[in-house]
Amino acid sequence: MQKHNVPVNFPLSEHTLSSLVEETTLFCHSNGLLMSVNGFNQQNLQHNSLQIQPISLTLLPSPFPRHSFEEAKGIAKDFNLLVHNLSQSEEFLTKALEVTIQGDEFTARLFKIFKQTIAEKTGFKRISLGLFRSDYMLHYGSPAGSLSKPLLQQVELNTISSAFPNLSHLAGKLFRYTTSRCGLEESYPQERIPVSNSSTAFVDAFAHAFALYKKEFNIASNDAAVIVMICQPSERNVFDQKLFEFELWERHRISMIRRTLSEIYHNGELDQTTLALKLEGKEVAISYSRAGYTPNDYPSEKEWEARLKIDRSRSIKCPSISHHLVGCKKIQQVIATPGVLEKFVPKETAERQRKCFAGLYSLDKGKDEPIIKEILKRLDDFVLKPQREGGGNNIYGQDIVTALSTMSDRELEAFIAMEKIRPLSFPCYVIRNGQSTLIQAISELGVYSSLISVDGDIVRSEECGHLLRTKPITSNEGGIAAGFAFIDSPFLFD
């Protein structure tokens, strides 16, 4: 039976626990490891009613095997290449999503934008910026711990709004500080707590793409253009986002502004000849989406018109509409089908990637009856996933029976089935709303990457750091902003 390498005995002494809670709380407030309770908006700001609190965190870094950590980081550029090549194939995306768009109106609207924009002849170079995060869990077999060595298994590949690159960087610094400050450095040596470079790596990718835009469209100075972060109204995760603004200005003198889709609809102007997007007197060089990944972001046709305005424009999209579609769960399932992956990446790359695929299946009642019967027999071994991001959308357990019996064929075909990954749990202190709790937990590792391409040619591809999220073993979902999980940092062991 495998055991996690937790270097201290739990429960902690009252003195140590109290010190960790105090130092963690103060570090968070002093360094911006925060989340808004009631959402950031101008009304809350003007009335001094913005409520903030430290983001949900673990109190100590959690054990993670070094070889799995390095494996995940080592294949980041492999997945960049895959996303790029898939996004360049209109034929593949059309065929892969042809059934999904019949049962999922949201994906169908995105696909319609994809078809419209790809057909337009622009006369200028198409520059794309991708800021991705590939999420993994460690599979220890069933029952958990039966494997002598864990398997790195991909949970999903995020191609839009890859959150927490700035707060994950701060989390590593936090744990290096608190473990040494609270007398735990001998148990948690600094060199085994890696600090993510995701904040600076993403900022450098923004700056590179911004420079390409200036050169392509003869923009005289940084002052003449901006990066627009497309955000949700009353955004709670504002501090992770705002740190980009600070870093871009301090290091590159590039302006980033935050605007909603509604504000872009009302204030954005698209030149129908040049396709330059102007917003509040400045040309938009990069349209960076931290919203637009859920139907809730499109409460009216105005938001859809804003999305189309952005995607038709010559601004660099992050993500492009094709990158966004590649992040659909259906694409994840299709490329796991034998022989498909090898059409888009070299054989040796495909072998590295295929090793980390969990069992993924389509749900066509006509063609996939055997797997549907298997799912019903082994409900605890599967999860049904829709084409959604943001947490809280998956279907588990007895709810699968209800879904399979009540959904129409078209609705069901918009989902995929995934075999559950069986991680090994470990004891962990977490803190939320100032209260610490000792839980039995499991972790999920995310690896960030950046990709820039010009007219289909990759000009930059980088691995960009990591995020560790930890949640109670009893929780099915893993979103931090959604309230399911806690920001963490790996404590590497050999």
Side-chain angles (χ1 to χ4, degrees), residues 96 99-100 103-104 106-107 133-144 146-147 150-159 293-295 327-337 354-365 367-425 440-446 469-485:
V99 174
T100 301
D104 188 313
F106 177 65
T107 306
R133 195 187 71 226
S134 185
D135 294 334
Y136 304 91
M137 295 182 79
L138 297 178
H139 182 61
Y140 281 85
S142 186
S146 58
L147 292 179
L151 300 176
L152 186 75
Q153 301 276 271
Q154 188 181 55
V155 177
E156 63 182 357
L157 178 59
N158 301 279
T159 59
Y293 54 83
T294 167
C328 289
K329 304 299 187 296
K330 184 61 182 178
I331 301 298
Q332 185 182 8
Q333 179 263 311
V334 170
I335 61 173
T337 305
R354 198 171 287 284
K355 280 170 58 180
C356 70
F357 287 168
L360 296 159
Y361 308 95
S362 60
L363 292 172
D364 183 325
K365 286 184 178 179
K367 296 186 295 184
D368 301 310
E369 196 64 33
I371 189 61
I372 291 175
K373 288 181 178 179
E374 189 66 19
I375 292 169
L376 289 170
K377 284 197 301 184
R378 298 164 46 215
L379 289 174
D380 193 45
D381 292 332
F382 291 89
V383 54
L384 304 192
K385 292 186 167 188
Q387 316 304 311
R388 295 289 182 275
E389 304 296 337
N393 299 300
N394 297 336
I395 300 176
Y396 299 86
Q398 287 298 321
D399 290 338
I400 293 176
V401 179
T402 303
L404 291 176
S405 61
T406 60
M407 283 187 183
S408 68
D409 289 0
R410 289 300 184 210
E411 289 174 326
L412 192 59
E413 286 166 358
F415 284 73
I416 67 165
M418 179 177 177
E419 288 192 63
K420 277 189 178 179
I421 301 166
R422 299 294 183 183
L424 200 62
S425 67
Q440 201 66 18
I442 54 178
S443 292
E444 183 173 318
L445 177 72
R469 291 173 294 172
T470 292
K471 64 179 182 179
I473 192 172
T474 54
S475 175
N476 285 322
E477 301 290 347
I480 295 169
F484 300 110

M407 side chain reached by L384 side chain, heavy atoms, under 4.5 Å: no
Separation between OG1 of T159 and OH of Y293, rounded to the nearest 0.5 Å: 12.5 Å
Distance (rounded to the nearest 0.5 Å) between L379 CG and I400 CD1: 5.5 Å
Between OG on residue S134 and CG on residue L157, distance to nearest 0.5 Å: 5.0 Å
Taking every non-hydrogen atom, the tightest pair across Q387 and A414: NE2-O, 2.6 Å
Residue pair Y396 / K420, side-chain heavy-atom distance below 4.5 Å: yes
Option from M137, H139, Q153 for which side-chain contact (heavy atoms from CB on, under 4.5 Å) with R422 holds: H139
Distance (rounded to the nearest 0.5 Å) between I375 CD1 and D380 CG: 13.0 Å
Minimum side-chain heavy-atom gap L363-I372 below 4.5 Å: yes
No-hydrogen, no-angle side-chain donor-acceptor test under 3.5 Å, K330 and Q333: yes
Side-chain touch C328/T107, heavy atoms, less than 4.5 angstrom: yes
R378 side chain reached by E419 side chain, heavy atoms, under 4.5 Å: yes
Verdict with supporting geometry, L424 and L138, side-chain contact (heavy atoms from CB on, under 4.5 Å): CA-CA 8 Å; L424 200 62; L138 297 178; over 6 Å; no
Minimum heavy-atom distance between T470 and S443, given as atom pair plus value: OG1-OG, 2.7 Å
Contact check, side chains of P472 and I442, non-hydrogen atoms, under 4.5 Å: no
Nearest atoms (heavy-atom pairs only) where S425 meets Q440: OG-NE2, 3.2 Å
Check: L360 and Q332 side chains under 4.5 Å, non-hydrogen atoms: yes
Trace of the side-chain contact (heavy atoms from CB on, under 4.5 Å) decision for R410 with D104: CA-CA 8 Å; R410 289 300 184 210; D104 188 313; over 6 Å; no
Point-to-point distance, once rounded to the nearest 0.5 Å, from OG1 of T100 to CZ of F415: 11.0 Å
Short side-chain to backbone donor-acceptor contact, R354 and A336, under 3.5 Å: yes
From OH (Y361) to OG1 (T337), nearest 0.5 Å: 10.5 Å
Closest non-hydrogen atom pair, M418 against A358: CE-CB, 3.7 Å
Y136 side chain near I421 side chain, heavy-atom distance below 4.5 Å: no
Main-chain N/O of E156 paired to D135 side chain as donor or acceptor, under 3.5 Å: no
